[in-house]
Amino acid sequence: MNAHAAGAGMREAKVYSLKLSSAQNMACQRMEAVSGLPPVCLEDLEAGTLTPTEFWRMQLVTIHDISVAVQNIDFPTEERA
């Protein structure tokens, strides 16, 4: 599923935080639809220890770290009968 398709049909953004704008909440919803993962660090955003921009960067870092970890999994190429 591509990012555009994941956002299709989403007319009202889920409110993840009132500290995020409607557009920012929608971006979080689209990210969750594409990745299957809910946003991380919402508690830090709510506590004021992360700005909305820092919060979004944490989403990108998390997705990147997961991707790197998956790429480093040794997948056997030989089939067993």
Side-chain angles (χ1 to χ4, degrees):
M1 174 184 319
N2 65 37
H4 180 67
M10 290 184 196
R11 295 195 178 150
E12 247 181 80
K14 175 179 174 180
V15 177
Y16 292 91
S17 173
L18 295 176
K19 294 192 176 197
L20 298 173
S21 70
S22 177
Q24 291 168 331
N25 276 296
M26 180 64 81
C28 289
Q29 187 173 355
R30 290 183 69 198
M31 185 269 316
E32 184 173 2
V34 170
S35 70
L37 301 171
V40 297
C41 300
L42 277 168
E43 301 84 11
D44 296 316
L45 176 66
E46 293 299 324
T49 57
L50 290 177
T51 66
T53 300
E54 292 167 331
F55 166 77
W56 185 251
R57 285 187 192 133
M58 289 306 300
Q59 309 319 302
L60 302 178
V61 167
T62 300
I63 296 295
H64 175 267
D65 290 350
I66 291 169
S67 177
V68 168
V70 170
Q71 289 176 32
N72 288 322
I73 293 173
D74 182 29
F75 185 80
T77 57
E78 292 183 17
E79 297 282 332
R80 290 192 175 205

Rounded to the nearest 0.5 Å, what separation is found between the [atom1] atom of [X] and the [atom2] atom of [Y]?
X: Leu50; Y: Cys41; atom1: CG; atom2: SG; answer: 6.0 Å
X: Lys19; Y: Leu42; atom1: NZ; atom2: CG; answer: 11.5 Å
X: Thr51; Y: Leu20; atom1: OG1; atom2: CG; answer: 10.0 Å
X: Glu54; Y: Leu45; atom1: CD; atom2: CG; answer: 9.5 Å
X: Glu32; Y: Cys28; atom1: CD; atom2: SG; answer: 9.0 Å
X: Tyr16; Y: Gln29; atom1: OH; atom2: CD; answer: 5.0 Å

Practice task
Any chance you could lay out the side-chain contact (heavy atoms from CB on, under 4.5 Å) test for Gln59 and Val40, step after step, and finish with the verdict?
Solution key: CA-CA 6 Å; Gln59 309 319 302; Val40 297; 3.6 Å; yes
Exercise for the section: Measure across Ser35 and Ile63 and return the closest heavy-atom pair with its distance rounded to 0.1 Å. Expected result: CB-CD1, 3.7 Å
Practice task
Determine, using the 4.5 Å side-chain heavy-atom cutoff (strictly less than), whether Phe55 and Met31 are members of one ILVMFWY cluster.
Solution key: no
Problem - Same apolar cluster (I L V M F W Y, side chains within < 4.5 Å links), Leu37/Leu60 - result: yes
Mind listing the side-chain donor-acceptor pairs of residues 69-76 below 3.5 Å, one per line with the distance, residues two or more places apart or on another chain?
residue, atom, partner, partner atom, Å
Gln71, NE2, Ser67, OG, 3.0
Asn72, ND2, Val68, O, 3.1

